[in-house]
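Notes follow the structure.
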There are 2 protein chains.
Amino acid sequence: MISNKAKYALKAMTILARHHSKKMQANAIAEEGQIPYKFLEAILAELKNRGLVISKRGAFGGYVLGEEPEEITAGDILRVIDGPIAPLRCASVSGYQPCDDCEGEEICAIRNVMMDARIALSNVLDQKTLKDMAKFERGRKESIFDE
Amino acid sequence: MISNKAKYALKAMTILARHHSKKMQANAIAEEGQIPYKFLEAILAELKNRGLVISKRGAFGGYVLGEEPEEITAGDILRVIDGPIAPLRCASVSGYQPCDDCEGEEICAIRNVMMDARIALSNVLDQKTLKDMAKFERGRKESIFDE
DNA sequence: TTTAAATCCTAGTAATTCAATAGGAAATTG
DNA sequence: CAATTTCCTATTGAATTACTAGGATTTAAA
């Protein structure tokens, strides 16, 4: 399960991508995504620290994607907000840490399973880009208006 | 990330499986798995309620697997202890619940990603059985003794 | 039938994380 | 300078996590 915060982050980033990476204010993102404004500010701050968005302060400021929509993946965003994707740290690449009660990683069946899980999961999450996600929503919304 | 509790549950169940489903006491499982005894009791109670283990009370009591090791998967155990494995409830089969701010599941790119993630994850977790896990540990341990 | 050995059951607790909110400082533009 | 917007610090209430305590109940063997 991902946190609400992560869900909001994904939402905010897809909104930014859907608006074709034009500058948007937190205000507008919050409204469009139904995200509590102050909470969103905190989320954008974290995304900014990791370079996933770029901000401009002051009047007529706002936020822009830090990279091209096809270069930012769901995995990138989730790692910033919720930390490692692997179900266990000992099976993580980005956040590796051994279990303190570990008796040997090579013989641990649990780690073995979780390594497979991490690989399967990151194959999905690191492949899905913001471009894909924005396109998906645009496509679906249009097809609904067509009806 | 799975909880410590879930890790302990997986550990306890693989121990039970490795001992070829012989009756074991919580005591012995706790020692072998380095699991806090009282915590393990609570875990075994949950597993028992869902039929994953069968218990016998009183002197010379203990716990046995509730099904054959090849019929119990890592996914089964994780769902009992940590709940749904999907990253979002709206993408879950076992624990489906719509987001309260949902504007249409068919057009939601986040749900779309999380559905793919859930499928990838459950393909791994629902395939790995206790038999596989016990075999893995036995195999690895023997090969280490061979050195 | 007592007694020792187990599981079972109810409660509680300290620490952490989650999901925000509040208030104002700093920067930018017109 | 004034309005707008991001940035920073800090707090808070609720839930979850990771356990622990203590005793009730059941069972088997002496």
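To find a chain, count down the sequence lines: A is the first, B the second, and so on, and within it residues start at 1. Hydrogens, waters and symmetry mates are skipped; everything else that's a heavy atom, side chains included, is used.
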Handout entry: Contact letters for nucleotides 24-30 of chain D, in which S counts primed atoms plus P, OP1 and OP2 and B counts the base, heavy atoms under 4.0 Å
Key = -BBBSS-

Exercise for the section: For A:Q25 and D:dC7, give me the distance from atom CD to atom P, rounded to whole Å. Expected result: 12 Å

Fill in the blank from the handout: Here the distance between atom P of D:dT5 and atom CG of A:L40, to the nearest Å, is 14 Å

Practice task
Considering just the side-chain nitrogens and oxygens of A:N27, establish if one lies under 4.0 Å of OP1 or OP2 belonging to D:dT5.
Solution key: no

Problem - Length of the NZ-P vector between A:K38 and D:dC7, whole Å - result: 12 Å

Problem - D:dC7 phosphate, OP1 or OP2, under 4.0 Å from A:S55 side-chain N/O - result: yes

Handout entry: B:I35 CD1 - D:dT17 P separation (whole Å)
Key = 18 Å

Exercise for the section: Determine: side-chain N/O of B:S3 to OP1/OP2 of D:dT16, distance under 4.0 Å, yes or no. Expected result: no

Problem - N or O in side chain of A:Y8 less than 4.0 angstrom from C:dA20 OP1/OP2 - result: yes

Problem - Among C:dA20, D:dC7, C:dC9, the nucleotide that comes nearest once only the side chain of B:E41 is considered - result: C:dC9

Practice task
Identify whether any heavy atom of A:A42 sits under 4.0 Å from a base atom; if not, whether one sits that close to sugar-phosphate; answer base, sugar-phosphate or nothing.
Solution key: nothing

Exercise for the section: Step through the shown structure and confirm whether more than 12 heavy atoms of other residues, nucleotides or ligands are within 6.0 Å of OH on A:Y96. Expected result: yes

Handout entry: B:E46 bridged to B:K5 by N-O distance under 4.0 Å
Key = yes

Exercise for the section: In plain terms, say whether A:K128 and A:D76 are close enough for a salt bridge, that is, a side-chain N and a carboxylate O under 4.0 Å apart. Expected result: no

Practice task
State, to 0.1 Å, how close B:C99 and B:C90 come at their nearest heavy-atom pair, and which atoms those are.
Solution key: SG-SG, 4.1 Å

Completion exercise
From NZ of B:K48 across to P of C:dA6 the rounded distance in Å is 17 Å

Practice task
Report the distance from atom CD1 of B:I2 to atom C1' of D:dT17, rounded to the nearest whole Å.
Solution key: 14 Å

Exercise for the section: Inspect the contact between B:R18 and B:E32 and indicate whether a charged nitrogen and a carboxylate oxygen are less than 4.0 angstrom apart. Expected result: yes

Fill in the blank from the handout: A:F39 atom CZ is separated from D:dT9 atom P, nearest whole Å, by 18 Å

Problem - Residues B:D126, B:R79: salt bridge by 4.0 Å N-O rule - result: yes

Handout entry: Phosphate-side-chain proximity, A:Y37 and D:dT6, N/O vs OP1/OP2 below 4.0 Å
Key = yes

Practice task
Could you tell me the separation between the CD1 atom of B:I81 and the P atom of D:dA18, rounded to a whole number of Å?
Solution key: 12 Å

Problem - Salt-bridge criterion met for A:D100 and A:R89 (N-O under 4.0 Å) - result: no

